[in-house]
K.L.:
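I am attaching a structure below and will ask some questions about it afterwards.
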Amino acid sequence: EISYVGGTDSNDVVLIFDTTPVVMIPNVLVDNDIILQINGANTEVIADGLTVFNALTSAVLELTIDSGGGDDSFTVNFANGNPIPAGGVLLNGGTQSNLTGDRLTITGNGTAFTSQTFNFTDSDANGNNGNVVLNDGTDIRTITFLGLEPINGGTSVATTFNLPNVINPDATLQNNATAGFVEFVGSTFENTIIPNPTGSLTINGGAALDEITLASLDTAFNADLTIIGGLGGSDAVNLNTILTGFAKSLTVNAETIDVNAALGLTGDPTAAISLTGNSVTLGANLSTDGGAITLSGNVLVDGANVTIDTEN
């Protein structure tokens, strides 16, 4: 706060810094490259190489960045520290130029986040909405996004995807073209690419019908994988990729579960398989190196073997 006392004529002036500023990006009809980062003691926003916001980090409680039109790129850069204020940051992508849409990239965290949680909420004419909750082991901060399409997540021990409360007919976890990454894609939420988590990956269904497919995984993926159907009453999970040498546990809970490719958990005697549903169809083999295999519900074994190898 800066105060100026004007004297007897009462021309006093008080300037007060807005602790919840809104940063309007210039050139709103072009595709902007926007970076949020820490620079020394300050939080700054850079748009197309120009600094458009710079303030003491301690003075910023909440931040909104409005990019207007165009297919913009938002980068939240943790290289010099956590740039997200305690009250969070809102990224408003606005209207789009084409189907590419606005992109969010979370980068620069040299130490993996303790957890990152993607909460997909809804969609509108400008794209998809939701938030990402990041726990760096010290602070829990939230990025809220409006009108985004693709997301590149950060490195994390545990990653969770929460599907929107709509019918999700094609939510798919699959390998990404870049080694060391997987992607979660679908028509009702942002296609999201993440580095392989080191601890766990969880997918939670929404409140309506969900069909979730495990299509493929990166060859180096080695985290506990959990897929939980939502509250829709008729959720389906399709396990369509062969897991060999997978040394972590697999847990699936949904009304319908179809095992269409062999699931072999090897290398860790505690790695277990748990499939719980009204209908569980085993169209391919299940095996572990001593870990439990739990099948709950109406189980149909269609030419498959279930093996627990306790000799390793």
Side-chain angles (χ1 to χ4, degrees), residues 99 101 103-104 106 115-124 127-133 143 145 147-154 156 158-178 181-197 200-218 221 223-243 246 248-261 263 273-281 283-284 297:
L99 293 177
R103 175 181 295 274
L104 167 62
I106 301 167
S115 65
Q116 65 178 347
T117 301
F118 297 89
N119 298 303
F120 304 130
T121 56
D122 58 0
S123 303
D124 56 33
N128 299 301
N129 308 319
N131 62 73
V132 186
V133 180
I143 303 170
F145 52 86
L148 292 191
E149 278 70 35
I151 296 176
N152 293 324
S156 183
T159 294
T160 299
F161 295 108
N162 293 320
L163 287 172
N165 292 323
V166 299
I167 295 175
N168 299 294
D170 54 2
T172 302
L173 180 65
Q174 62 191 25
N175 182 33
N176 181 256
T178 301
F181 290 77
V182 293
E183 60 188 27
F184 191 44
V185 301
S187 59
T188 58
F189 56 92
E190 304 77 26
N191 292 344
T192 304
I193 300 170
I194 59 167
N196 292 334
S200 64
L201 175 59
T202 301
I203 299 172
N204 293 314
L209 184 150
D210 303 304
E211 181 154 354
I212 303 171
T213 298
L214 175 60
S216 58
L217 289 174
D218 180 73
F221 185 95
D224 290 328
L225 178 58
T226 301
I227 303 174
I228 305 295
L231 303 175
S234 55
D235 300 307
V237 173
N238 307 304
L239 303 175
N240 293 351
T241 187
I242 297 174
L243 298 182
F246 190 74
K248 298 293 184 178
S249 293
L250 173 66
T251 302
V252 180
N253 190 329
E255 280 73 29
T256 301
I257 302 172
D258 288 331
V259 179
N260 301 312
L263 306 178
I273 298 173
S274 176
L275 307 179
T276 301
N278 293 338
S279 172
V280 179
T281 300

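Residue numbers run from 1 in the order of the sequence given. Fair warning: this is a prediction, and the values are worked out from it, not measured in the lab.
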K.L.:
Which residue, Thr256, Asn168, Asn238, forms the side chain to side chain donor-acceptor pair (under 3.5 Å) with Glu211?
P.N.:
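It is Asn238, the one option of Thr256, Asn168, Asn238 that forms the side chain to side chain donor-acceptor pair (under 3.5 Å) with Glu211.
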
K.L.:
Mind checking the CD1-CG spacing from Ile203 to Leu214? Nearest 0.5 Å is all I need.
P.N.:
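Interatomic distance, Ile203 CD1 to Leu214 CG, rounded to 0.5 Å: 7.5 Å.
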
K.L.:
Among Val166, Thr188, Asn128, which one satisfies side chain to side chain contact (heavy atoms under 4.5 Å, CB included) with Ser123?
P.N.:
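Exactly one candidate clears the test, Asn128.
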
K.L.:
Would you call Asp122 and Pro164 a side-chain contact if the rule is heavy atoms closer than 4.5 Å?
P.N.:
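A side-chain contact is absent here, since even the closest heavy-atom pair is not under 4.5 Å.
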
K.L.:
Restricting to non-hydrogen atoms, name the atom on Pro197 and the atom on Ala223 that form the minimum distance, rounded to 0.1 Å.
P.N.:
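What the structure gives for the nearest pair is O-CB, 3.5 Å.
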
K.L.:
Give, for atom CZ of Phe221 and atom CG of Leu201, the distance between the pair rounded to the nearest 0.5 Å.
P.N.:
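Answer for the CZ-CG pair, Phe221 versus Leu201, is 4.5 Å.
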
K.L.:
Any donor-acceptor pair under 3.5 Å linking the side chain of Asn129 with the backbone of Gly147?
P.N.:
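Checked: pair present.
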
K.L.:
Show the numbers, then the answer: is there a side chain to side chain contact (heavy atoms under 4.5 Å, CB included) between Ile106 and Ile143?
P.N.:
CA-CA 10 Å; Ile106 301 167; Ile143 303 170; 4.1 Å; yes

K.L.:
Hey, mind stepping through Val185 and Gln174 against side chain to side chain contact (heavy atoms under 4.5 Å, CB included) and telling me if it holds?
P.N.:
CA-CA 8 Å; Val185 301; Gln174 62 191 25; 4.0 Å; yes

K.L.:
Measuring from atom CG of Leu148 to atom OG1 of Thr192, what distance do you get when rounded to the nearest 0.5 angstrom?
P.N.:
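One gets 10.0 Å once the value is rounded to the nearest 0.5 Å.
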
K.L.:
Which value, rounded to the nearest 0.5 Å, describes the distance between Leu275 atom CG and Asp258 atom CG?
P.N.:
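It is 11.0 Å, given to the nearest 0.5 Å.
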
K.L.:
Within a strict 4.5 Å, meaning less than it, do heavy atoms of the Lys248 and Leu225 side chains meet?
P.N.:
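Contact flag for Lys248/Leu225 side chains = no.
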
K.L.:
Please give me the minimum heavy-atom distance between Asp235 and Gly229, naming the atom from each residue.
P.N.:
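That would be OD2-C, 3.5 Å.
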
K.L.:
Hey, does the side chain of Ser216 reach the backbone of Asn175 with a donor-acceptor pair shorter than 3.5 angstrom?
P.N.:
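Yes; judged by distance alone, with no hydrogens or angles, the pair exists.
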
K.L.:
Ignoring hydrogens, what is the shortest heavy-atom contact between Gly153 and Pro195? Give both atom names and the distance.
P.N.:
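Heavy atoms only, the tightest pair is O-CD, 3.6 Å.
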
K.L.:
Work out which heavy atom in Ile167 is nearest to a heavy atom in Ala208; give both atom names and the distance.
P.N.:
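Answer, listing the atom of Ile167 first, then Ala208: N-CB, 3.6 Å.
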
K.L.:
At what distance, to the nearest 0.5 angstrom, does CD of Glu190 lie from CG of Asn152?
P.N.:
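That separation rounds to 12.0 Å.
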
K.L.:
Got a second to check how far Ile212's CD1 is from Ile257's CD1, nearest 0.5 Å?
P.N.:
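With rounding to 0.5 Å, CD1 (Ile212) is 10.5 Å from CD1 (Ile257).
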
K.L.:
Looking at Thr178, is its backbone amide N or carbonyl O close enough to the side chain of Asn176 to form a donor-acceptor pair, meaning the two atoms are under 3.5 Å apart?
P.N.:
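A pair under 3.5 Å: yes.
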
K.L.:
For Asp170, does its backbone N or O pair with a side-chain atom of Thr172 as donor and acceptor, under 3.5 Å?
P.N.:
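At least one qualifying donor-acceptor pair exists.
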
K.L.:
Can you check whether Ile228's main-chain N or O pairs, donor with acceptor, with Asn253's side chain at less than 3.5 Å?
P.N.:
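Not a single qualifying donor-acceptor pair exists.
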
K.L.:
Please verify the inter-ring angle class for Phe161 with Phe184; under 30° counts as parallel, over 60° as perpendicular, anything in between as tilted.
P.N.:
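Phe161 and Phe184: tilted rings.
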
K.L.:
Any donor-acceptor pair under 3.5 Å linking the side-chain atoms of Asn240 with those of Thr213?
P.N.:
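Short answer, no.
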
K.L.:
Taking ring-ring contact (aromatic ring centres under 6.0 Å, His included) as the test, write out the residues that go with Phe181, two or more places apart.
P.N.:
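With neighbours one apart ignored, the set is empty.
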
K.L.:
Checking side chain to side chain donor-acceptor pair (under 3.5 Å) against Asn131, which of Asn162, Thr117, Asn119 comes through?
P.N.:
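So the option named by the test is Asn119.
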
K.L.:
With no hydrogens and no angle check, do the side chains of Glu255 and Asn278 hold a donor and an acceptor under 3.5 Å apart?
P.N.:
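Distance-only check fails for Glu255 and Asn278.
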
K.L.:
Short question: side chain of Gln116, backbone of Gly154 - any donor-acceptor pair under 3.5 Å?
P.N.:
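Yes; judged by distance alone, with no hydrogens or angles, the pair exists.
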
